[in-house]
Participant: 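Okay, here's the structure, questions in a sec.
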Amino acid sequence: MLKRVSAKSLRLGMYIHAPEGSWMDHPDWKTQYLLTDPAELERMQEGKAVFIIDTDKGADALLGSEPRRSGFGKRTTPVAASSTQDEFGRAEAITRRASKSVGEILKQARLGKAVDVAQTVPVIEDISSSMDRNASALVSFVRLKAADEYTYLHSVAVCALMINLGRQLLFDESEISELATAGLLMHIGKTALPIELLTKPSSLTAQEMALVRQYPVRGHEILSRTKGVSEVVLDVCKHHHERIDGHGYPYGLRGDAISLHARMAAVCNVYDARTSNRPYRQAEEPAEVLSDMFKQKDQFDESVLSAFIRSVGIYPIGSLVRLKSGRLAVVVEQNEENLTRPLVRVFYSAAKRAGLSYQDVDLATDGGDEILSRERPERWGFNSWDRLWPQILRGSNLQAA
């Protein structure tokens, strides 16, 4: 839907269709685009122009000036921030509860029963509350899922990533609630597939792949029969595997034919899939996955992908990095003001190839050190990195793999 808004009402995440008025009034206007640059937003808000936004492709205008709410559906007092280390334990408990709830929902669908969407509400509120306290802890913890946990925890992870990305784009809480619900339910069509196919440890045949590529349609059919499911959730379910270059499935949609919500889901889905252990593939390092996805700009919406990278960090929590000082460190906190200078925990001497006493270094304030490179854990003999970095984060003694 096209909507008229003043410059003062513009916000990140809106899709700018055109400035109001004739072309002669705006001779430099060349394209339509998603507004994601804070500096550009500030510049535009200083003017008196009126713009036409497309709410089908981006965020809608805010209905009022209420402050952001924590959780969904009710106003709460501000939530105290928590360190990643402190939130990690709570994130573990929340993830386990969420996984159980998602399992029940998928079980209902597999048995052909009506899906109870109300079951998603406490799950989303739990995840949202954790991310209010710390935006990185739960997203980082759920990345540690084992291959046999992938089916349920993938939905939990995508839900959390969609919340994170929605907040990065300054969507209002009702929109973020829909995105979170979409993240939890968009894989429900897999319940129509044989279990053996989902857990197959080797590559799929062409026939098997063709069957798998129909699961978004099957999921859409299931959710279309479910009460209380919004159009956003239905759209994301059917189109989260579409790609900007038209090489996605099930319909091969291209460019703007794919909604903003589905483009967001595509990024969140691929990131979590590639950074997770699956029955047929080992997890990849988050920082490398982000770098690789950025090189595939023809597949993803570049503006959405840039916002996603800002939401998880250039060096996500748990990344192994090498510092200018010759030490190895684990990224333990993000620095929203400068993503290249996170808080890291030093634990290893690259020169001596020996462990060091843990030391936290805030690269934002320590001008004498900086990240030189991200490192592959196996290069340094850390072959069970998914087990080791949480030990370091929790402050436990490092046990070699």
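Along the sequence shown, the residues carry numbers beginning at 1.
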Participant: So that I can tick it off, tell me whether Lys324 and Asp366 are bridged by a salt bridge, with the cut-off set at under 4.0 angstrom between side-chain N and carboxylate O.
Facilitator: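 Answer for the salt bridge query: no.
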Participant: So Asp298 and His247, side chain to side chain donor-acceptor pair (under 3.5 Å) or not? Walk me through it.
Facilitator: CA-CA 10 Å; Asp298 55 337; His247 290 155; 6.0 Å; no
Participant: Does the side chain of Ser230 reach to within under 4.5 Å of the side chain of Thr181, using non-hydrogen atoms?
Facilitator: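 No, their side chains stay 4.5 Å or more apart.
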Participant: What is the minimum heavy-atom distance between Val102 and Tyr152, and which atoms define it?
Facilitator: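 For Val102 and Tyr152, the tightest heavy-atom pair comes out as CG1-O, 4.0 Å.
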Participant: Would you find a donor on one side and an acceptor on the other, under 3.5 Å apart, between the side chain of Arg345 and the backbone of Val332?
Facilitator: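 Flag not set: sc Arg345 to bb Val332 has no pair under 3.5 Å.
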Participant: Find out whether Ser311 and Arg167 are in side-chain contact, i.e. whether some heavy atom of one side chain is under 4.5 Å from a heavy atom of the other.
Facilitator: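 No, side chains not in contact.
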Participant: Checking the side chain of Thr199 only, and the main-chain atoms of Ile195 only, is there a donor and an acceptor separated by less than 3.5 Å?
Facilitator: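 Indeed, once roles are kept as given, a pair shorter than 3.5 Å links the two residues.
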Participant: Which of these, Phe88, Tyr348, Phe141, sits in a ring-ring contact (aromatic ring centres under 6.0 Å, His included) with Trp389?
Facilitator: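 It is Phe88; the other options fail the test.
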Participant: Shortest non-hydrogen contact from Asn277 to Ala283?
Facilitator: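 Smallest interatomic distance, heavy atoms only, reads OD1-N, 3.0 Å.
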Participant: Working to the nearest 0.5 Å, report the span between CD1 of Ile16 and CG of Leu10.
Facilitator: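 Going from CD1 on Ile16 over to CG on Leu10, the span is 5.0 Å.
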Participant: Could you state the interatomic distance from CG (Leu179) to CG (Leu161), rounded to the nearest 0.5 Å?
Facilitator: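 Reported value, rounded in 0.5 Å steps: 12.0 Å.
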Participant: Could you walk me through whether Val217 and His220 satisfy the side-chain contact (heavy atoms from CB on, under 4.5 Å) test, starting with their C-alpha distance in whole Å, then the side-chain angles of each, then the deciding distance to 0.1 Å, before giving a yes or no?
Facilitator: CA-CA 5 Å; Val217 176; His220 184 270; 5.6 Å; no
Participant: Angle class for the His187/His240 ring planes (parallel below 30°, perpendicular above 60°, tilted otherwise)?
Facilitator: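 Geometry flag for His240 against His187: perpendicular rings.
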Participant: Using side-chain heavy atoms (C-beta onward) and a distance below 4.5 Å, is Leu356 in contact with Val346?
Facilitator: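 Yes. Closest side-chain heavy atoms under 4.5 Å.
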Participant: Mind listing the closest non-hydrogen atom pair of Pro122 and Ala118 along with its distance?
Facilitator: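 For Pro122 versus Ala118, the nearest heavy atoms are CD-O, 3.5 Å.
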Participant: Considering the options Thr95, Val156, Leu153, which one meets the side-chain contact (heavy atoms from CB on, under 4.5 Å) requirement together with Lys145?
Facilitator: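 Of Thr95, Val156, Leu153, side-chain contact (heavy atoms from CB on, under 4.5 Å) with Lys145 is met by Leu153 alone.
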Participant: Tell me if a side-chain donor or acceptor on Glu178 pairs with a main-chain N or O of Glu175 at a distance below 3.5 Å.
Facilitator: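 No: the side chain of Glu178 does not pair with the backbone of Glu175.
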Participant: Ignoring hydrogens and geometry beyond distance, is a side-chain donor-acceptor pair present between Ser130 and Glu87 at under 3.5 Å?
Facilitator: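 Present: a donor and an acceptor within the cut-off.
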Participant: Could you check whether any side-chain heavy atom of Val361 comes within less than 4.5 Å of a side-chain heavy atom of Arg327, counting everything from C-beta outward?
Facilitator: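 Side-chain contact under 4.5 Å: yes.
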Participant: Answer yes when Arg96 and Glu149 have at least one side-chain N-carboxylate O distance shorter than 4.0 Å, and no when they do not.
Facilitator: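 Yes, this pair counts.
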Participant: Checking Ser357 against Gln359: is there a side-chain donor and acceptor pair closer than 3.5 Å?
Facilitator: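 Distance-only check fails for Gln359 and Ser357.
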Participant: Looking only at atom types and distance, does a side-chain atom of Ser306 sit under 3.5 Å from a main-chain N or O of Glu302, one as donor and one as acceptor?
Facilitator: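 Yes, because the side chain of Ser306 sits within donor-acceptor range (under 3.5 Å) of the backbone of Glu302.
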Participant: Do Gln334 and Ser136 have side-chain N/O donor and acceptor atoms under 3.5 Å apart?
Facilitator: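 Side-chain D/A pair, Gln334 to Ser136: absent.
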Participant: Check the pair Leu363 / Asn335 against side-chain contact (heavy atoms from CB on, under 4.5 Å), numbers first and verdict last.
Facilitator: CA-CA 9 Å; Leu363 297 176; Asn335 172 14; over 6 Å; no
Participant: Determine whether Val330 and Tyr358 make a side-chain contact, defined as any pair of heavy atoms from C-beta on separated by less than 4.5 Å.
Facilitator: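 SC-SC contact between Val330 and Tyr358 ruled out.
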Participant: Does any N or O in the side chain of Arg374 come within less than 3.5 Å of the main-chain N or O of Ser319, such that one atom is a donor and the other an acceptor?
Facilitator: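 Flag not set: sc Arg374 to bb Ser319 has no pair under 3.5 Å.
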Participant: Considering only heavy atoms from C-beta outward, does the side chain of Arg133 approach that of Arg90 to under 4.5 Å?
Facilitator: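 SC-SC contact between Arg133 and Arg90 confirmed.
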Participant: Does Thr226 use its side chain to pair, donor to acceptor, with the backbone of Val229 at less than 3.5 Å?
Facilitator: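 No, the answer is negative, given that no donor and acceptor are paired below the 3.5 Å cut-off.
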Participant: Which atom names give the shortest non-hydrogen contact between Arg263 and Ile258, and what distance separates them?
Facilitator: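 Closest heavy-atom pair between Arg263 and Ile258: NE-O, 3.0 Å.
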Participant: Of all heavy-atom pairs between Asp369 and Arg341, which one has the smallest distance, and what is that distance?
Facilitator: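 Closest heavy-atom pair between Asp369 and Arg341: O-NH1, 3.2 Å.
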Participant: How far apart are the C-alpha atoms of Glu288 and Arg376, what are their side-chain angles, what is the distance that settles it, and do they pass the salt bridge (Lys or Arg N to Asp or Glu O under 4.0 Å) test?
Facilitator: CA-CA 9 Å; Glu288 290 192 7; Arg376 292 178 177 269; 3.2 Å; yes
Participant: Applying side-chain contact (heavy atoms from CB on, under 4.5 Å), run through Gln108 and Asp116 and close with a yes or a no.
Facilitator: CA-CA 8 Å; Gln108 292 169 3; Asp116 183 5; 4.1 Å; yes
Participant: What's the separation between atom CZ in Arg218 and atom CG in Leu193, rounded to the nearest 0.5 Å?
Facilitator: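 The CZ atom of Arg218 sits 7.5 Å away from the CG atom of Leu193.
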Participant: Does a side chain donor of either Thr84 or Asn134 reach within less than 3.5 Å of an acceptor in the other side chain?
Facilitator: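 Result is yes, a qualifying pair exists.
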Participant: If you round to the nearest 0.5 Å, how far is OG1 of Thr120 from CD of Glu125?
Facilitator: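 Answer for the CD-OG1 pair, Glu125 versus Thr120, is 9.5 Å.
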Participant: Where do Ser203 and Lys200 come nearest, in terms of heavy atoms and distance?
Facilitator: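 Looking at all heavy atoms of both residues, the shortest contact is O-NZ, 3.2 Å.
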Participant: Less than 4.5 Å apart, any side-chain heavy atom of Ile371 and any of Leu323?
Facilitator: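 With C-beta onward as the side chain, the pair touches.
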Participant: Between CZ of Phe171 and CE of Met14, what distance do you get to the nearest 0.5 Å?
Facilitator: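 Here the rounded value is 10.0 Å.
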Participant: Quick one: pull up CD1 in Ile244 and CZ in Phe300 and give me the separation to the nearest 0.5 Å.
Facilitator: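 Ile244 atom CD1 to Phe300 atom CZ measures 9.5 Å (nearest 0.5 Å).
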Participant: Go through the steps for Leu320 and Trp380 under the test side-chain contact (heavy atoms from CB on, under 4.5 Å), then give the verdict.
Facilitator: CA-CA 10 Å; Leu320 177 65; Trp380 300 93; 4.2 Å; yes
Participant: Within a strict 4.5 Å, meaning less than it, do heavy atoms of the Val270 and Arg243 side chains meet?
Facilitator: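 Of all side-chain heavy-atom pairs linking Arg243 with Val270, at least one is under 4.5 Å.
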Participant: Between Arg322 (side chain only) and Leu372 (backbone N and O only), is there a donor and an acceptor less than 3.5 Å apart?
Facilitator: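 No: the side chain of Arg322 does not pair with the backbone of Leu372.
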